[in-house]
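Taking it in order: structure first as structure tokens, then the write-up.
Protein chains get the first letters and strands the later ones, always in sequence-line order, with residue 1 at the start of each. Note: hydrogens, waters and symmetry copies are ignored here, and every other heavy atom, side chains too, is used.
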Amino acid sequence: MTEQSFEGLTATPIRRLADHVGERVLVQGWLYNLRSKGKLHFLQVRDGTGIVQAVMSVADVAEADFEAVKAATQESSLRVIGTVKTDERAPGGVELTVSRAVIVHVAEPYPIAKKEHGPDFLLGNRHLWLRSKRQMAILRVRDSVIRAIREFFHDRGFHCVDSPMFTPSACEGTTTLFQLDYFDDSKAYLTQSGQLYGEASAMALGKIYVFGPVFRAEKSKTRRHLTEFWMVEPEAAFYDLDDVMVLAEEFVAHIVRHVLRENRSDLADLERDVTKLEPAAGTPYPRVTYDDAVRYLHEHGHADFRYGDDFGAPHETVLGDAHDRPVLVHRWPAEVKAFYMKRDPANPKLALGVDMIASEGYGELIGGAQREDDFGELEKRLVEHELPREAFEWFLDLRRYGSVPHGGFGLGLERTLAWICGVDHLRECIPFPRMLYRIYP
RNA sequence: UCCCCGAUAGCUCAGUCGGUAGAGCAGCUGACUGUUAAUCAGCGGGUCGCAAGUUCGAGUCUUGCUCGGGGAGCCA
């Protein structure tokens with residue numbers, strides 16, 4: 001028994017139909033749309049790999065098949081047997097001349113119409129919204145980006161090391177965490193970053209990356225925020241800030257090249273202007289210091305920006321649009337950056353941190369740094385940031401036992417995906433977005 | 001937490017000066033052999049977010065609440 005074949009034919013993915021012109025094939029999927037014209041049905045059938053038009057003439061099929069299709073609603077599931085032929089008039093270049101059609105299940109009236117819908121309705125029906133052309137394209141690109149990520153690190157000798165989701169305390173101290181009960185009277189938190197554990201793992205394997213979901217309980221209500229999102233965090237021993245920046249730009253360029261190669265039709269479905277993406281396939285990316293960036297802001301409409309502050313969304317947009325590819329901003333005022341960043345030996349007021357800012361207003365794709373590797377300095381930072389030392393003893397241990405210069409960064413998967421796909425809201429870049437006041441479905 | 005906007009049919013919206021509810025899509029019935037969100041004819045479909053107030057009369061005006069959207073802060 002297998003559901004992969006029917007009447008002696010094995011199902012052919014719609015994406016592969018062009019390789020089977022003239023052959024009799026089986027397509028299994030869902031009815032995306034039906035246009036019925038008397039004795040002729042035009043079925044748009046989707047199977048997850050693509051959409052094909054199947055043409056069904058009353059003269060070629062059993063009357064029962066013809067009537068069954070006539071009664072089929074949008075998103076009804078079905079099996080279609082037909083001959084593949086090229087046709088100028090068909091979207092996609094090939095269509096199916098149907099000889100058999102069997103409805104597997106007649107769908108109830110489908111809530112998502114062939115029309116525009118509002119975000120509240122679509123998010124409430126996210127489980128069905130995923131079936132629309134645009135969402136399927138984003139999901140495919142997401143999978144492609146994830147493959148590119150793993151491929152990039154594997155090829156460079158980085159090992160994937162998972163970090164825990166439950167943590168005993170804040171990784172960076174400042175941001176709000178989701179708190180939960182952890183047996184008896186103890187509390188646990190959902191991790192907001194795997195980085196500290198990544199540092200420990202890098203001291204074992206040399207070059208590692210952490211890849212998994214992270215959680216932020218900030219009450220952010222913007223298109224650039226989710227409460228649960230996926231982050232890739234490489235960490236490498238014997239890396240300084242320059243090594244981190246080279247890794248970051250080659251990493252992002254690799255992802256872009258991979259998607260441009262593998263997902264042309266998805267980008268076309270998304271109506272993404274690929275000429276905006278193509279420059280980012282090449283390295284190097286421009287580098288500016290924080291000081292340079294502030295000067296640029298002062299000269300480009302933000303004369304009131306105060307030196308020493310972190311950049312807000314409007315500032316990131318201006319900086320990101322200054323170049324044809326993402327820009328690396330490095331050497332930040334230490335006060336606005338995390339405790340674990342190493343100070344610049346040339347100017348101890350600066351931290352050896354780097355942000356990668358995308359163009360077109362997509363904001364910060366990457367935040368990274370060379371880490372503080374000196375025991376005494378890190379001890380001081382913990383005090384300055386008023387962090388509980390007990391919680392960081394193990395982290396200090398990494399500076400007790402064979403400390404080395406090291407660094408890494410974190411890349412937000414959904415932000416990267418939004419930028420690549422030209423999607424203006426992160427909620428479309430994860431299958432089931434978790435947002436402020438929204439956790440269904 | 002703060003600022004702005006919104007809530008009317010299953011969905012997207014219109015609803016004028018305060019006078020008793022409309023369209024398109026979806027659904028149902030029918031017509032049509034090349035449709036591209038097909039078209040055409042017909043049918044059914046309403047707690048106007050909730051509560052109070054003003055008024056002879058409120059979808060419309062006022063207040064409060066709830067829910068949603070966008071943005072700020074914070075971050076990826």
Check ring pair (Phe, Tyr, Trp, His ring centres under 6.0 Å) between [X] and all other residues, then give those that pass, not counting sequence neighbours.
| X | answer |
| --- | --- |
| A/Phe166 | A/Tyr182 |
| A/Tyr239 | none |
| A/His406 | none |
| A/Phe153 | A/Phe158, A/Tyr209, A/Phe251 |

Exercise for the section: Kindly state which residues belonging to residues 419-430 of chain A come within less than 4.0 angstrom of RNA chain B, counting heavy atoms of the residue only, listed by number. Expected result: A/His425, A/Leu426, A/Arg427
Completion exercise
Contact check, residues 223-230 of chain A vs RNA chain B, heavy-atom distance under 4.0 Å, returns A/Arg223, A/Arg224, A/His225, A/Leu226, A/Phe229
Completion exercise
A/Glu384 meets the salt bridge (Lys or Arg N to Asp or Glu O under 4.0 Å) criterion, sequence neighbours left out, with A/Arg343, A/Arg381
Problem - d(CG, A/Leu34; P, B/A26) in whole Å - result: 11 Å
Heavy atoms from C-beta onward define the side chain here; which of [options] lies closest to that of [X]?
| X | options | result |
| --- | --- | --- |
| A/Thr222 | B/A76, B/G34, B/G71 | B/G71 |
| A/Glu364 | B/U33, B/A76, B/C74 | B/A76 |
| A/Thr73 | B/C75, B/C28, B/U12 | B/C28 |
| A/Pro314 | B/G34, B/A72, B/G68 | B/A72 |
| A/Lys221 | B/U12, B/G34, B/G71 | B/G71 |

Salt bridge (charged side-chain N to carboxylate O under 4.0 Å, His left out) pairs, two or more places apart, involving [range]:
| range | result |
| --- | --- |
| residues 66-84 of chain A | A/Glu3-A/Arg79, A/Arg46-A/Glu75, A/Glu75-A/Arg131 |
| residues 406-420 of chain A | A/Arg142-A/Glu414 |
| residues 428-441 of chain A | A/Asp120-A/Arg438, A/Arg134-A/Glu428 |

Could you list the donor-acceptor pairs under 3.5 angstrom formed between side-chain atoms of residues 305-312 of chain A and any protein atom two or more places apart in sequence or on another chain?
| unit_1 | atom_1 | unit_2 | atom_2 | d |
| --- | --- | --- | --- | --- |
| A/Arg306 | NH2 | A/Asp309 | OD1 | 2.9 |
| A/Tyr307 | OH | A/Asp291 | OD1 | 2.8 |

Exercise for the section: Examine the side chains of A/Ser144 and A/His258 and answer whether a donor and an acceptor come within less than 3.5 Å of each other. Expected result: yes
Problem - Pairing annotation in dot-bracket form, given for RNA chain B with Watson-Crick or G-U pairs under 3.5 Å and | for cross-strand partners - result: (((((((..((((.....[..)))).(((((.......))))).....(((((..]....))))))))))))....
